[in-house]
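All remarks here apply to the structure that follows.
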Amino acid sequence: MLLYVHPRSQNLTFNVSEPSGDMFGHCGGDLMAGIIVWASLSALFSLVGCPACVAVLWELLRRHKAGTPITPNDVFMLNLTVMDLVFLLFVPFGLCNFLLWHIRSVQMFSNFLYALNLAGRPLLTACISLDCYLAVVHPVTYRTRKSLTPRALLAAAVWIITVAYGSVSTVVGELNHNAWAMFVYIIALPIIVVCDVSILWTLKKSHPAGGDLHPRKKKALQIITNSMVMTVTSYIPPVLVYILGDLIVSDEREYECFLAIPILIIPTAGSTIMPLLYLGNLGSLCCLV
């Protein structure tokens, strides 16, 4: 989705205003395999993820109309799904711009929207984990402070951070595909991991062997399981690649074409996996088939 790639070496700069005859720029020739995989999987995740996100939004709306109270988790899930949907809807346009159009304004907007995926998504996942942590580990305090207002304000703060990150990335194009992109993950991942482990430990201590979990604890376990899946599949791999990239690949062009751009497919996959997991927990996944 990103047309303008700032390599680590300045002599590899690809001028977006004067596109090369090769649609893959300096990632053409024997280095185009990673770009093809990235573009193909991005299109696939957009195709699957968009209807999944719409189904999640419909489910949240249906439950609200049926009189089900809005939960704190619903607040964060609503914001997360909106971010995913907006991002995935634009993926085909970003791919067309990368391969065909080479329009600078579209490329800058692509950079901006990637903030929804790289900054907003991990921060909202951390909010979900933190809310579940309070509900399971400190239930008394949670029940007395269950107002939706603090959650709405926290979600608004995430949007502000995300928009700020996206605005900077329109000017500093390499922000989305170098180690600086991991700054948000450094904040979010410790919160996610600590909260998830604490919840699992608390559930293990309070749950008698062979007994049935309380419905609220069962829901919390489902949410935390989803969070752990996202952490392992979508958050940790990019962090490892961007931090250890210099040790994995030393050549500048190979680093960019085989790691820096293709690795973006992993966070993109998260925007599809999460709504599918959510629908699976509700038993509504069949509506997509």
Side-chain angles (χ1 to χ4, degrees), residues 56 59-60 63-64 68-84 116-162 165 182-209 211-239 267 270-271 273-282:
V56 170
E59 181 64 26
L60 292 172
R63 289 171 55 194
H64 177 61
T68 303
I70 298 176
T71 66
N73 179 258
D74 289 340
V75 173
F76 295 125
M77 195 64 199
L78 174 64
N79 284 273
L80 181 59
T81 305
V82 170
M83 280 190 178
D84 287 339
L116 302 177
N117 190 248
L118 296 176
R121 157 163 285 283
L123 289 176
L124 283 174
T125 303
C127 291
I128 292 173
S129 295
L130 181 60
D131 192 75
C132 286
Y133 167 82
L134 294 175
V136 174
V137 182
H138 304 286
V140 177
T141 303
Y142 184 80
R143 283 193 294 268
T144 59
R145 301 178 180 179
K146 205 174 180 180
S147 171
L148 297 181
T149 302
R151 278 78 177 183
L153 292 176
L154 187 56
V158 171
W159 275 101
I160 292 173
I161 294 172
T162 302
Y165 180 100
M182 300 299 102
F183 179 75
V184 172
Y185 288 77
I186 294 174
I187 299 174
L189 277 178
I191 297 175
I192 295 172
V193 172
V194 171
C195 290
D196 290 359
V197 171
S198 299
I199 290 170
L200 292 176
W201 177 250
T202 301
L203 291 176
K204 181 180 179 181
K205 290 194 303 181
S206 63
H207 176 52
D212 292 331
L213 274 177
H214 186 278
R216 289 185 180 177
K217 291 185 177 181
K218 185 176 181 180
K219 181 179 179 181
L221 182 59
Q222 291 175 338
I223 293 172
I224 292 308
T225 301
N226 293 351
S227 173
M228 294 180 68
V229 170
M230 296 307 305
T231 300
V232 173
T233 61
S234 298
Y235 300 152
I236 292 180
V239 173
S271 295
I273 294 172
M274 179 61 100
L276 292 177
L277 290 174
Y278 183 83
L279 293 172
N281 291 340
L282 295 178

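Note that this is a predicted model, so its numbers are computed, not measured.
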Heavy-atom closest contact (D196 atom, S129 atom, distance): OD1-OG, 3.2 Å

Test side chain to side chain contact (heavy atoms under 4.5 Å, CB included) applied to Y185 and I236, V239, I192, the passing residue: V239

Heavy-atom pair of closest approach, residues M83 and R121: SD-N, 4.2 Å

Flag, side chain of T144 to backbone of T141, donor-acceptor distance under 3.5 Å: yes

Sidechain-backbone polar pair: D84 side chain, T81 backbone, donor-acceptor under 3.5 Å: no

Closest contact, heavy atoms only, T162 versus G120: OG1-CA, 3.2 Å

Atom of L148, atom of P72 and distance for their closest heavy-atom approach: CD2-N, 3.7 Å

Where V184 and A119 come nearest, the two heavy atoms and their spacing: CG1-O, 3.6 Å

I128 vs S227 side-chain heavy atoms within contact, under 4.5 Å: no

Side chains of Y133 and I224 in contact at under 4.5 Å (non-hydrogen atoms): no

Nearest heavy atoms of A155 and F76, plus distance in Å: N-CE2, 4.3 Å

Side chain proximity check, L60 to R63, heavy atoms < 4.5 angstrom: yes

